[in-house]
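Quantities reported herein were computed from a predicted structural model and do not represent experimental measurements. Throughout, a chain's letter reflects where its sequence line sits, starting with A, and its residues are numbered from 1.
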Amino acid sequence: MTMSDHEITPSRKARFTVGNGSARGGLSRRSVLQMAGGAASLAAASGATAQPAPTDGPPPASTTRVRLVVNGSARELEIDPRQSVLDVLRERLDLTGTKKGCNQGACGACTVLINGRRVTSCLTLAVMHHGAEITTIEGLARGDELHPLQAAFIEHDGFQCGFCTPGQIMSGVACIAEGHATSADEIQFWMSGNICRCAAYPGIVAAVADAAGRT
Amino acid sequence: MLPFSFEKGRTEQDAIRTAAAGARYIAGGTTLIDLMRDEVERPERLVDINALPMADIRVDGSNLVIGALARVSDIAAHPETKRLQPLVAESLIEGASPQLRNMASMGGNLLQRVRCPYSCVSEFR
């Protein structure tokens, strides 16, 4: 077998480069989507008819105005009623810490707090939560000071790839506040709405138990 | 998901009138939104009934009276449920997940569509 099949040629490297996309001269999928989202929200805010974003798909339906208090900041948005809270957080507010795992409410990666209660943000429409207080993973730390549960996740090795982790932590914060973290068995039962493909479960349970003991 | 117009039902009469004009009720939305994404359900108008005063959990003699908009998690955690209908409390927490139970209404729970994958495809709508 020759090495040529597996050689990292310059064109292959460019195709696989992610993040700031510097190998492609400054354009990445993330920056294009953010520019498109920004253009659409600017058009809506100025009262103009929203133009379709420069991607495929039908033009947005009529929009609805909604006020959301996200991590303590009040945001007034014109949104398509079809957008879930998850969609609005990630695509309109650039709060990409909350993850879209299954988009069906089954995996828990999209867990946020709405008015203090944990919910799967993929399965609820943003227009249903006018005036609500939403807390995401970005809203837990106080500046540089991590939330005790965030610190516990690091201490107890509560993640590998980290994709489920924001949802785990938001769910864990609520689990502790609900009083459902008094034993490992109880934590496993009351965190069963959050799945982890990397199977970091022992670390997750230990982190929640640790943080529960400190609160 | 097909486009729809969204309105908030401010009173029961309001919501009923809107539904009579063809709107679908949405409470927790944990079934409806899922099926709307698959375009199995295609409402053109939704009326959000979550603000209606139907979420009480109370006792009437030896009966537990559960409002249709009471959230499943609240019903399961209620001391009166645990006292009068402990099996209801226990069985509710065996279903779904804590997050979904915080969203799901009891009325919606009872009205939930069949979950069989064969019946939840748009071809068999």
Study note, to complete from the structure: From the list B:Arg71, B:Arg37, B:Met36, the residue making the most non-hydrogen contacts under 4.5 Å with chain A is B:Arg37
Study note, to complete from the structure: Most heavy-atom pairs under 4.5 Å with chain A, out of B:Leu32, B:Asp48, B:Ile26, B:Ile93, belong to B:Ile93
For [X] versus [Y], what's the shortest heavy-atom pair and its separation?
| X | Y | result |
| --- | --- | --- |
| A:Pro81 | B:Phe6 | CB-CB, 4.1 Å |
| B:Leu100 | A:Thr120 | CD2-OG1, 3.7 Å |
| A:Gly193 | B:Pro98 | N-CD, 4.0 Å |

Review point. Tell me, do A:Phe189 and B:Glu94 make a side-chain contact under 4.5 Å, heavy atoms counted?
Key: yes
Review point. Can you find a pair of side-chain heavy atoms, one from B:Glu7 and one from A:Val127, that are under 4.5 Å apart?
Key: no
Check your understanding: With distance as the sole test, does A:Arg82 use its side chain to make a donor-acceptor pair with the main-chain N or O of B:Met1 at under 3.5 Å?
Key -> yes
Check your understanding: Is there a donor-acceptor pair under 3.5 Å between the side chain of B:Asn102 and the backbone N or O of A:Val119?
Key -> no
Review point. Hey, what do you get for CZ (A:Arg118) to CE (B:Met103), rounding to the nearest 0.5 Å?
Key: 12.5 Å
[X] portion near chain A, given a 4.5 angstrom heavy-atom threshold:
| X | result |
| --- | --- |
| B:Asp34 | both |
| B:Ala104 | neither |
| B:Thr31 | neither |
| B:Asn50 | side chain |
| B:Leu46 | side chain |

Check your understanding: With B:Ala55, which residues qualify under side chain to side chain contact (heavy atoms under 4.5 Å, CB included), at least two apart?
Key -> B:Leu69
Practice item. Return the option, out of A:Asn103, A:Asn194, A:Leu125, with the maximum number of heavy-atom pairs under 4.5 Å with chain B. Key: A:Asn103
Could you check whether atom [atom1] of [X] has more than 12 heavy atoms from other residues, nucleotides or ligands sitting under 6.0 Å from it?
| X | atom1 | answer |
| --- | --- | --- |
| A:Glu155 | CD | yes |
| B:Arg45 | CZ | yes |
| A:Glu145 | CD | no |

Practice item. Please list, in residue-number order, every residue in residues 104-117 of chain A that has a heavy atom less than 4.5 Å from any heavy atom of chain B; write 'none' if there are none. Key: A:Gln104, A:Gly105, A:Gly108, A:Thr111, A:Arg117
